There are 2 protein chains.
Amino acid sequence: MIVPTSYRTHPSPLESGLRLDGKRMTPQRKRVLSLFEEIGSGIHLSAEEVHSKLTSSGERVSLATIYRTLKLLVKMTFLNELDLSEGGNRFELLSHDHPDHHHLICIRCGRTEEFENNEVINAGKAAAKNFGFKLLESSLNVRAVCPLCINK
Amino acid sequence: MIVPTSYRTHPSPLESGLRLDGKRMTPQRKRVLSLFEEIGSGIHLSAEEVHSKLTSSGERVSLATIYRTLKLLVKMTFLNELDLSEGGNRFELLSHDHPDHHHLICIRCGRTEEFENNEVINAGKAAAKNFGFKLLESSLNVRAVCPLCINK
DNA sequence: TTCAATGTTGCAAGCAGTTCTCATTACGCT
DNA sequence: AGCGTAATGAGAACTGCTTGCAACATTGAA
Ligand SMILES: [Mn+2]
Ligand SMILES: [Mn+2]
Ligand SMILES: [Zn+2]
Ligand SMILES: [Zn+2]
């Protein structure tokens, strides 16, 4: 068996995406995306939460960079940005299995559940078509109180 | 014909709503609600817009009072608060004919169209029921680009 | 391997929208 | 008219986020 003398490591999707836009791979960017990949989809983190998760595990990243990186990762379609209207916006790994899910939010404790519903997707499409708008995205937020919070 | 010597004017819905809560009727509160009633439903104003509409027509109201009054009128169900996620939150007269409409927003110029859709309402109800949450409200925001904004 | 070009970071200042503090004003009741 | 207390105005404060800038790090070329 022949062992190559040098490894040509495949650039990650992040790295190649950055490259063809003249952007650079940095440890900060790798760490932010890795965090989301490690915790998996279905978790919705604020910028502050991302920041404290990284710094409390010894990484040195500034909050400004977190904001810049999250915005970049959203533009690159690695992440999805949610406006759940309680506290700051939240970010989640964009899962290509469930790209169009919606959120049920407990306004007391923040617990957030996901659900999918095609009628909702179609309602958005229909509304845009009706008025001649070009659809970008539609999001249904259901504000509610969860069982644990229901009695005070 | 007998002309009464004193008129007992009916208290407005605003006034009676305030009364039974120990709250007081003020010119500011009357003006803010009147503004929405005059422009009619289907108009979505930010706090700043409410403020400048009132002050530019000669009224003296502070922005802090606008915010306080808007919140109060929402709690009293005269107004509805929208989180359209571009710029600040917006407020509209709560029309009892179309209580549960949704919004299609042009992210370029802010133009906002309304639409109703029962499947969406049901989707929210179903999601809440499924997870045992007590539903408060569900809002579908469709972000899009309007015909006038579509070519740059 | 070195180096220059330029993209990226950290920090602090800035900003937009909203809430809060507190002294003053003014409803509403008698 | 007078009193108790709710509401207002003015500005400070706060939150979530963005930006300007000097120092720094990555990349590609030499
Ligand atoms: Mn989600
Ligand atoms: Mn509306
Ligand atoms: Zn809860
Ligand atoms: Zn437009």
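Here the structure is a predicted model, which is why all the values come from computation and not from measurement. Note on naming: letters A, B, ... go to the chains in the order of the sequence lines (proteins, then strands), and numbering restarts at 1 for each one.
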Starting from B:Ile121 and following side-chain heavy-atom contacts under 4.5 Å between hydrophobic residues (I, L, V, M, F, W, Y), which residues can be reached? none

Mind checking side-chain contact (heavy atoms from CB on, under 4.5 Å) for A:Lys23 and listing every partner two or more places apart, or none if nothing turns up? A:Leu18, A:Asp21, A:Arg29, A:Leu72

Which residues, if any, of residues 16-25 of chain A bring a heavy atom under 4.0 Å of DNA chain D? A:Arg24, A:Met25

In chain order, what residues pass the side-chain contact (heavy atoms from CB on, under 4.5 Å) check against A:Thr77, with sequence neighbours excluded? none

Among residues two or more places apart or on two chains, list those pairs meeting salt bridge (charged side-chain N to carboxylate O under 4.0 Å, His left out) that have a residue in residues 126-146 of chain A. A:Glu86-A:Arg143, A:Glu137-B:Arg143, A:Arg143-B:Glu137

Protein proximity profile, nucleotides 9-16 of chain D - base contact B, sugar-phosphate-only contact S, no contact -, cut-off 4.0 Å on heavy atoms: BBB----S

Not counting sequence neighbours, list each pair that qualifies as a ring-ring contact (aromatic ring centres under 6.0 Å, His included) and has a residue in residues 50-94 of chain B. none

What is the distance, to the nearest angstrom, from the CG atom on B:Leu84 to the P atom on C:dG17? 13 Å

Could you tell me the separation between the NE2 atom of A:His51 and the P atom of D:dT18, rounded to a whole number of Å? 15 Å

With sequence neighbours excluded, what pairs up with A:Lys53 under the side-chain contact (heavy atoms from CB on, under 4.5 Å) test? A:Leu35, A:Leu45

Test item: A:Thr112 side-chain N/O and A:Gly110 main-chain N/O as donor-acceptor pair under 3.5 Å: yes

How does the hydrophobic cluster around B:Leu82 look, that is, which other residues are in it when side-chain heavy atoms under 4.5 Å mark a link? B:Leu84, B:Ile105

Roughly, in whole Å, what's the span from CZ in B:Arg29 to C1' in C:dA26? 12 Å

Please name the pair of heavy atoms, one in A:Ala123 and one in B:Asn117, separated by the smallest distance, quoted to 0.1 Å. CB-ND2, 3.3 Å

Can you list the residues that meet the side-chain contact (heavy atoms from CB on, under 4.5 Å) rule with A:Pro147, with sequence neighbours excluded? A:Arg111, B:Phe133

Side-chain N or O of B:Ser46 less than 4.0 angstrom from OP1 or OP2 on C:dG17? no

On DNA chain C, more 5' by nearest nucleotide between B:Thr26 and B:Lys71 is B:Lys71

Whole Å only: how far is the CD atom of B:Glu49 from the P atom of C:dA16? 15 Å

ring-ring contact (aromatic ring centres under 6.0 Å, His included) contacts in which one or both residues fall within residues 15-47 of chain A, not counting sequence neighbours: A:His44-A:His103

Rounded distance in Å - CZ (B:Arg90) to C1' (C:dG17): 12 Å

Send over the distance from B:Lys75 NZ to D:dA7 P, rounded to a whole Å. 11 Å

Specify the separation, in whole Å, of atom CG of A:Leu14 and atom C1' of C:dT8. 14 Å

The helix from C:dT1-D:dA30 to C:dT30-D:dA1: angle between its terminal axes, five pairs each, to 10°? 30°

